[in-house]
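Worth saying up front: this structure is predicted, and the values here are computed from it rather than measured.
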Amino acid sequence: PLIRRSQAITLFQEISESFSTVRSVCITMRGCSYQGSLYSRLTDAMDVLEQLCGQVELLDAAMSTPHGMSTEAPDSLRAMHGHLTINTRFAENCCGCVQVSDVGSTWSRGITILGDGGCARLTDKAFEWWDQSGKLVDSARLDDSYESSMVTTIDQLPARLLAEQINRVLDPHKPRLEQRNVSRVVAVCEAIRLSLVTGASETPRKLLELIK
């Protein structure tokens with residue numbers, strides 16, 4: 001389930017004009033390997049990061065693998081496994097950082113957005129917005145409308161989120177989902193893998209030109 005299509009992102013889009021310019025975004029996504037690969041966590045995170053900040057101009061990545069595994073850079077995106085961090089720069093006076101893991105114990109996705117309008121915190125369960133003075137401007141619980149039996153364990157949460165998005169696609173009364181630039185997301189992820197190989201900063205622009 002893509003976080004760009006989550007309730008929290010929808011709520012942020014509704015207040016984005018009042019929030020004004022986004023200056024910095026921090027994204028953390030983790031889970032167990034059976035809840036999705038590291039590549040799936042990475043595509044989810046980088047997709048929503050560019051949705052919030054625009055196209056990544058430059059990125060630098062580092063990875064830590066579980067005990068007993070090779071510390072060499074992976075030879076493919078699907079071979080990535082462990083903990084991954086990325087620092088990003090954008091053209092319009094904006095910066096971002098991402099931490100993703102497929103050996104991170106429990107399922108968790110969170111986005112902290114800092115900007116001229118204060119601080120917004122988005123998760124699968126809640127939305128909160130504070131202004132620059134620290135006053136809570138808006139907040140919402142995103143799981144109150146569901147029966148308690150559906151959210152008794154964290155393991156049930158990703159399944160519920162996936163079911164919600166499938167139902168949204170199949171419901172003829174709901175608007176069609178927006179198209180995603182898949183080539184762009186793949187180019188960004190491949191630039192991240194290349195940064196692991198070279199140990200230097202990389203730009204997705206070069207790889208996107210190769211894909212085209």
Gap separating the [atom1] atom of [X] from the [atom2] atom of [Y], nearest 0.5 angstrom:
X	Y	atom1	atom2	answer
D124	S6	CG	OG	6.5 Å
K125	S108	NZ	OG	9.0 Å
R121	C26	CZ	SG	7.5 Å
I113	S16	CD1	OG	9.5 Å
T28	R41	OG1	CZ	12.0 Å
L157	Q35	CG	CD	9.0 Å

From CA spacing to verdict: side-chain contact (heavy atoms from CB on, under 4.5 Å), E202, D60: CA-CA 6 Å; E202 300 292 343; D60 184 81; over 6 Å; no
With a 4.5 Å heavy-atom cut-off, do [X] and [Y] have their side chains touching?
X	Y	result
L11	I9	no
R5	R180	yes
R184	L208	yes
D102	H81	yes
W129	S18	yes
M46	V188	yes
F19	D138	no
D47	N181	no

If I compare all heavy atoms of [X] with all of [Y], which pair ends up nearest, and what's the gap?
X	Y	answer
T65	M63	CG2-CE, 4.1 Å
C94	S24	SG-N, 4.2 Å
V22	C53	CG1-SG, 4.3 Å
L59	A191	CD1-O, 3.7 Å
I86	A61	CG1-CB, 4.1 Å
M80	P74	CG-CG, 3.4 Å

Residues D44, R109: salt bridge by 4.0 Å N-O rule: yes
Salt-bridge criterion met for E209 and R205 (N-O under 4.0 Å): no
Backbone N/O of [Y] and side chain of [X]: donor-acceptor pair under 3.5 Å:
X	Y	value
T123	G110	no
R30	G104	yes
Q165	L2	yes

Chi angles and distances behind the side-chain contact (heavy atoms from CB on, under 4.5 Å) call for L84, Q99: CA-CA 6 Å; L84 180 63; Q99 180 191 58; over 6 Å; no
Atom [atom1] of [X]: over 12 foreign heavy atoms under 6.0 Å:
X	atom1	answer
E92	CD	no
R78	CZ	no
E17	CD	no
R89	CZ	no

Please tell me whether [X] and [Y] are part of a single hydrophobic cluster in this structure, the criterion being side-chain heavy atoms less than 4.5 Å apart.
X	Y	value
L77	I192	yes
L196	V100	yes
L136	L114	no
L142	I27	yes
V186	V56	yes

Verdict with reasoning, L52 to I111, per side-chain contact (heavy atoms from CB on, under 4.5 Å): CA-CA 10 Å; L52 293 169; I111 304 175; 4.0 Å; yes
E14 versus T10, side-chain donor and acceptor atoms under 3.5 Å: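 Distance-only check fails for T10 and E14.
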Audit row: T88, L49, side-chain contact (heavy atoms from CB on, under 4.5 Å) steps and yes/no: CA-CA 10 Å; T88 57; L49 180 66; 3.8 Å; yes
F90: partners by ring pair (Phe, Tyr, Trp, His ring centres under 6.0 Å), with sequence neighbours left out: none
